[in-house]
Asks: 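I have a structure here, written as structure tokens, and I will follow up with some questions on it.
Protein chains get the first letters and strands the later ones, always in sequence-line order, with residue 1 at the start of each.
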There are 2 protein chains.
Amino acid sequence: MMVKITDVARNAGVSPSTVSYALSGKRPISEETRRRVEAAVRELGYRPHASARALAGSRSNVLALVIPLRTGIHVPVVTQFAVSVVTAARRYDHDVLLLTQEEGEDGLRRVADTALVDALIVMDVQLHDPRLPLLRSLDRPSVLIGFPREAAGLTCVDLDFRAAGELCVERLAGLGHRVVALVGSPPEVYVRGTAFAQRVVQGFTAAADRCGLASRVHPCEATPAAARRVAERLLREQPALTGVVVHNEAVLEPLIDAFEQLGLRVPGDLSITAICPDETAAALRVPVTSVALPSAELGERAVDLLLRKLTGAEVPEATLLTPHLTNRASTAPRDAP
Amino acid sequence: MMVKITDVARNAGVSPSTVSYALSGKRPISEETRRRVEAAVRELGYRPHASARALAGSRSNVLALVIPLRTGIHVPVVTQFAVSVVTAARRYDHDVLLLTQEEGEDGLRRVADTALVDALIVMDVQLHDPRLPLLRSLDRPSVLIGFPREAAGLTCVDLDFRAAGELCVERLAGLGHRVVALVGSPPEVYVRGTAFAQRVVQGFTAAADRCGLASRVHPCEATPAAARRVAERLLREQPALTGVVVHNEAVLEPLIDAFEQLGLRVPGDLSITAICPDETAAALRVPVTSVALPSAELGERAVDLLLRKLTGAEVPEATLLTPHLTNRASTAPRDAP
DNA sequence: ATGAAAGCGCTAACAT
DNA sequence: ATGTTAGCGCTTTCAT
């Protein structure tokens, strides 16, 4: 039933070790021998047994990917990230084992200690993440998506969310807007110390101050009703508001609806910039000027770094992707006052 | 560094096989011995090496999950399904390897032939899916999500989409509506022969005919603009329209917006039922009466079936989950004519 | 440039 | 109820 390396060896008239070396390229093989081995492999349809290979070679060629399940994390972002991790991993001849955060630290320890995986990618890292000590102590390399407070000894990748927040504000300032607001993630996201959400706030506030803009920040639940309430509150508290930054995919559309129902046209009366996936921004009724959330690029970078670590190479501890803003229909210069 | 079974055996004063049997429970062990083994396992922090175990036992305890990437498949549905597969698999002490459809048949063959996985779950099966012959020929069991035209010899699970379509119409008919329309998935979904989309159409049409309703079917791109166009067209072609069934998560909200902007209140003038995840239906501005897309239940059922197949049990070839409709704010009796 | 042989860590006959 | 032992299929020394 199963073709094994000894079958290939016999068919090619060489020893099993020669077959192994011919396939791995780990030692020089004569042209003639290589061809015979390759022919035998094809003829017999040989596929090396993954577990046997992993046991003997002490590398499973599998990466673990830990995905978050929590509320306030936008699902398409996670999914696109996962897909790009799988795609990138395959380019390096690796596969991806999917773990949910639900399993927690035990899950990480389990797949690492049983040598089921060679390395780990952990998404949605919190500022004070309980998994950090564990990840540092594992005998396998890992890459984190997100930046915890104490990142020493860990490899972290993320969009530069602070710069993203700044970029959104600077665009509004450049268009002449003087009073701006940030509609952020749901409150629990801040409460539990999700780094990226806080960094957006920091960037937003710093840039607003630097540009001399009046600014406020409002977390917002991921429901249309909450969006509506935030819109009303914004107009009440900042009557001169003409610029809004949104860092909350789920309420982008309802928020625009709410503003328009309250009598404000986008971008006529109100300009909006957002931090969200490009597809989301482009698919809205009013396409929104946005800083892209580059899930796919993040996934690739994470895999690249992880595989370099697996070869023993040194990699930078911090990788911050530069944010890019794309102009769309939701921004316009402020009317002369 | 790594604790192995011989270490545990020595520490407990027994043979390696006794440790193996004590842990697997595959043969009777005296209470005394079991306790000594368990103590040694805990003391040393023993974790069986996954590959060694897989090689010797010829079971990897890993399932493959193949997820679709195509347009027209709603992302949250896929993600929730994946999460529930992982969760269910863990209950059986299995892990999940994530494959994208991109790898195609080669990917399936690879993970099966290298014994990387014991079994496979394949999502988004088409009516004439090129992977079917391959899946039949593999030496590993599989479960398909969706029903192909030729399902003989395969294990398939899905929501009964035909019944779901019927249920949506029957609810509208029961409320007195006489003219209905189905707003369906994007055209390409039908063109490529996605079974579930076609089944909804069949159920919708059959139930409408049976109930004596006038009905039409409109595919719809997953954009707000397309939703708007479909809404306008509907009112033009069926001026007496009072009931709409939506099988397209992405346009649910824009569609309601469009109807209201065209002067139709939901549910005052127009009742809407949908086939979509409950969370989607409940989170809309106007919560929509819907037949749930039970992704989590599907994932669990798929895993249950797969693990029963792995034990050699016979399982039903077809599993159709019964649809359930939940009333929400989007449906009301038709006004007296 | 190739081969022989010793494991990798575990499971499952086959013993007793 | 437990121990002994022969592999599982591959990689990688160590030889030549």
Asks: Applying a 4.0 Å non-hydrogen cut-off, can you work out what Ser51(A) is touching in the nucleic acid: base, sugar-phosphate, or nothing?
Replies: nothing

Asks: Distance-only, no hydrogens or angles: does the Thr18(B) side chain make a donor-acceptor pair with backbone N or O of Val14(B) under 3.5 Å?
Replies: no

Asks: Could you state the CZ-C1' distance from Arg59(A) to dT11(D), rounded to the nearest angstrom?
Replies: 12 Å

Asks: Would you mind telling me which of Asp95(A), Asp118(A), Thr114(A) makes a side-chain hydrogen bond (donor to acceptor under 3.5 Å, both in side chains) with Ser60(A)?
Replies: Asp118(A)

Asks: How many angstroms lie between OH in Tyr21(B) and CZ in Arg34(B), if you round to the nearest 0.5 Å?
Replies: 14.0 Å

Asks: Going 5' to 3' on DNA chain C, which nucleotide is the first and which the last to come under 4.0 Å of a heavy atom in chain B?
Replies: dG9(C) to dC14(C)

Asks: Yes or no on salt bridge (Lys or Arg N to Asp or Glu O under 4.0 Å) for Asp7(B) and Lys4(B), after CA distance, side-chain angles and deciding distance?
Replies: CA-CA 5 Å; Asp7(B) 300 325; Lys4(B) 40 187 119 164; 5.8 Å; no

Asks: Please state how far atom CZ in Arg53(A) lies from atom C1' in dG9(D), giving the value in whole angstrom units.
Replies: 11 Å

Asks: Tell me which of Gly57(B) and Arg34(B) sits closer to the 5' end of DNA chain D, going by the nucleotide each one is nearest to.
Replies: Arg34(B)

Asks: Roughly how many Å is it from NZ in Lys4(A) to C1' in dC8(D), rounded to a whole number?
Replies: 8 Å

Asks: Are there more than 12 heavy atoms of other residues, nucleotides or ligands under 6.0 Å from atom CD of Glu102(A)?
Replies: no

Asks: Please give, in whole Å, the distance from dT11(D) C1' to His49(B) NE2?
Replies: 13 Å

Asks: Starting from P on dT12(D), measure out to CD1 on Ile5(A) and report it in whole angstrom.
Replies: 11 Å

Asks: Name every residue in residues 9-32 of chain A that has at least one heavy atom under 4.0 Å from any atom of DNA chain C, in order of residue number, or write none if there are no such residues.
Replies: Gly13(A), Val14(A), Ser15(A), Ser17(A), Thr18(A), Arg27(A), Pro28(A), Ile29(A), Ser30(A)

Asks: Let me see the working for Ser84(B) and Glu300(B) under side chain to side chain donor-acceptor pair (under 3.5 Å), right down to the final yes or no.
Replies: CA-CA 6 Å; Ser84(B) 78; Glu300(B) 283 178 36; 6.0 Å; no

Asks: Would you call Arg42(A) and Glu38(A) a salt bridge, using N to O less than 4.0 angstrom?
Replies: no

Asks: Taking NZ, NE, NH1 and NH2 as the nitrogens, is one of them in Arg35(B) or Glu31(B) under 4.0 Å from a carboxylate oxygen of the other?
Replies: no

